Number of protein chains: 2
Amino acid sequence: MSLRHALLGLIAEQDGASGYDLLKLFEVSLATVWPATQSQLYGELGKLTEAGLIRVVEEGPRGRKAYGITEEGRGELLRWIVDVPVKPVRRDDSLLRVFFLGLVEPAKAQEFMAAQIAALGRRRDDLAALEGAIDWGDDDLSVYGRLVMEYGRRMYAMRAEWFRWAAEEMKALDR
Amino acid sequence: MSLRHALLGLIAEQDGASGYDLLKLFEVSLATVWPATQSQLYGELGKLTEAGLIRVVEEGPRGRKAYGITEEGRGELLRWIVDVPVKPVRRDDSLLRVFFLGLVEPAKAQEFMAAQIAALGRRRDDLAALEGAIDWGDDDLSVYGRLVMEYGRRMYAMRAEWFRWAAEEMKALDR
DNA sequence: GAATTCATGTAAGATGTTACATGATTAG
DNA sequence: CTAATCATGTAACATCTTACATGAATTC
């Protein structure tokens, strides 16, 4: 149930945010680590309110509801961050396909690998653009967000390197 | 719908495998890139059969059903591998928590980072053990499986390095 | 006054997890 | 004969995606 905690965390950091604000926050800050859709978000806000982990602290124009975290919510959030075992990352679409590249013609396989490397380059550029577009401050979300950005850079670089290496290995196999 | 294609791929490589065989194969070869549970697997085998992408080629003892891929299934598999755009990896439980480490006491945050590094070490060792336990041949699954193993090694190393770096950055912030 | 942004919600369907349920065959 | 392994399936529930639906406030 990490979406729940992602929301809880954002509300803890940005007190008084609305569902709409949180949706934007997801797009700019959590998009790379925990994407969420609008419908998921509003649904979860309702459940969190019902569970007493957050509450509506203010109602504004256009039905706007500003949320704040409750003491109970903060307790649950902190407990989750440090005490709940993390679930290791899994499910990697492109790696899954690599497993089956023996089934396609070598030229097609090389094309696939090249496409992955190109896509990684684009994503690295998107990340840089996002980094440039964000108004970084010295709030927690900025500070830790920058650390996570660096992770993204290293991740893309490592993957691109591996794809280049694996493509060469595959070429060698064909000979 | 990648589970569908993972199954299709395994059946293409290991003709005549049963649901049970495929489950074991998932555990040893696809576990790190695409985990699946037993119930998901049997359900999907039924759907794939109904869709005409695979078929029961033999029935054995204890109700065992051996599956084979159909021409249609092979077509769908190849189309998926090279033509369907890959979905980028996302959702990273530990990175999500890093985002919120500003909310916990510095000592607890350092503990969290240390625990992640330790967990990565254990997973690297598990991977090495798995690699040693597998009877590697020169079949496609072995050849490409080894490439993916190398990816796992690099991935764990990169993550451990980043966690160490980020932990130091965080220490510097506290001063 | 028209377009954009702000703002919230519901519904249907796909996918994934956990637990339950059953029984045949083989190895020791 | 007993335990482990082989073998398949269902049910309930949680989670995620895509699409639909509506309307107020602001900006140009």
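Residue numbering restarts at 1 for every chain, and letters A, B, ... go by the order of the sequence lines. All of these numbers come straight from a predicted model, not from anything done at the bench.
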Which atom names give the shortest non-hydrogen contact between B/Ala166 and B/Met113, and what distance separates them? CB-CE, 3.6 Å
Check: B/Gln38 and B/Tyr20 side chains under 4.5 Å, non-hydrogen atoms: no
Where along residues 1-17 of chain A does a heavy atom come under 4.0 Å from DNA chain C, residue by residue in number order? none
Between CZ of A/Arg91 and C1' of D/dC16 the distance, given in whole Å, is 12 Å
For residues 49-66 of chain A, which residue pairs qualify under salt bridge (charged side-chain N to carboxylate O under 4.0 Å, His left out), counting only residues two or more places apart or in two chains? A/Asp21-A/Arg64
Taking only the side-chain heavy atoms of B/Arg64 (C-beta and beyond), determine which of D/dA7, D/dG9, C/dT17 contains the nearest atom. D/dA7
Checking B/Glu44 now: which residues fulfil salt bridge (charged side-chain N to carboxylate O under 4.0 Å, His left out) with it, not counting sequence neighbours? B/Arg4
Return each pair, listed once, that meets salt bridge (charged side-chain N to carboxylate O under 4.0 Å, His left out) where at least one residue sits in residues 123-148 of chain B; pairs must be two or more places apart or across chains. B/Glu131-B/Arg153
Report yes if at least one side-chain N or O of A/Lys65 is closer than 4.0 Å to OP1 or OP2 of C/dG9; otherwise report no. yes
Please determine whether residues B/Ile69 and B/Val84 belong to a single hydrophobic cluster, defined as Ile, Leu, Val, Met, Phe, Trp and Tyr linked transitively by side-chain heavy-atom distances below 4.5 Å. yes
Classify the angle between the aromatic ring planes of A/His5 and A/Trp80 as parallel (below 30°), tilted (30 to 60°) or perpendicular (above 60°). parallel
Near DNA chain C, which residues from residues 75-84 of chain B have a heavy atom under 4.0 Å away? none
At under 4.0 Å between heavy atoms, what does B/Arg90 touch on the DNA or RNA strands: base, sugar-phosphate, or nothing? nothing
Who are the side-chain contact (heavy atoms from CB on, under 4.5 Å) partners of A/Thr32, not counting sequence neighbours? A/Leu127
Classify every nucleotide of nucleotides 22-28 of chain D by which part a protein heavy atom approaches to under 4.0 Å, writing B for the base, S for the sugar-phosphate alone and - for neither, in 5'-to-3' order. --BB---
Just N and O in the side chain of B/Tyr42: are any of them under 4.0 Å from OP1 or OP2 of D/dT8? yes
Comparing nearest nucleotides in DNA chain D, the 5'-proximal residue of the pair B/Gly63, B/Lys87 is B/Gly63
Using the C1' atoms of five pairs at each end, what's the angle between the two axes of the helix from C/dG1-D/dC28 to C/dG28-D/dC1, to 10 degrees? 30°
Between A/Phe26 and A/Leu7, the two heavy atoms sitting closest are CE1-CD2, 3.9 Å
Figure out the CG/C1' separation between A/Leu48 and C/dG9, and round it to whole Å. 16 Å
For the residue pair B/Leu147 and A/Trp162, what are the closest heavy atoms and their distance? O-NE1, 3.2 Å
So, does A/Thr70 use its side chain to make a donor-acceptor pair with the main chain of A/Gly52 at under 3.5 Å? yes
Check each residue of residues 18-25 of chain B for a non-hydrogen atom within less than 4.0 Å of any atom in DNA chain D, then write out the ones that pass by number, or none. B/Ser18, B/Gly19, B/Tyr20, B/Asp21
Does B/Glu76 come within less than 4.0 Å of B/Arg79, counting only side-chain N to carboxylate O? yes
Determine, step by step, whether A/Arg154 and A/Glu150 satisfy the salt bridge (charged side-chain N to carboxylate O under 4.0 Å, His left out) criterion, reporting the C-alpha distance in whole Å, the side-chain angles of both residues, the deciding distance to 0.1 Å, and the verdict. CA-CA 6 Å; A/Arg154 292 181 184 207; A/Glu150 172 64 17; 2.8 Å; yes
Rounded interatomic separation in angstrom, taking CZ from B/Phe26 and P from C/dG16: 10 Å
Which whole-number value in Å describes the distance from A/Glu50 CD to C/dG9 P? 12 Å
May I ask you to list the residues of residues 33-41 of chain A, by number, that have any heavy atom positioned under 4.0 Å from an atom of DNA chain C? A/Gln38, A/Ser39
Check side-chain contact (heavy atoms from CB on, under 4.5 Å) between B/Thr49 and all other residues, then give those that pass, not counting sequence neighbours. B/Ile54, B/Tyr67
Rounded to whole Å, please give me the gap between CD in A/Glu44 and C1' in D/dT17. 15 Å
Quick check on A/Glu105: does its CD atom have over 12 non-hydrogen neighbours (other residues, nucleotides or ligands) under 6.0 Å away? no
From CG of B/Asp93 over to P of C/dT17, roughly how many Å is that when rounded to an integer? 14 Å
Shortest non-hydrogen contact from B/Val57 toward B/Gly16: CG2-CA, 4.4 Å
For B/Phe112, side-chain contact (heavy atoms from CB on, under 4.5 Å) partners two or more places apart: A/Val86, B/Ser94, B/Arg97, B/Val98, B/Leu101, B/Gln116
Is it the case that the side chain of A/Gln110 and the backbone of A/Ala167 share a donor-acceptor pair, with hydrogens and angles ignored and the cut-off at 3.5 Å? yes
Looking at B/Arg91 and A/Val89, what are the two nearest heavy atoms and their distance? O-CG1, 4.1 Å
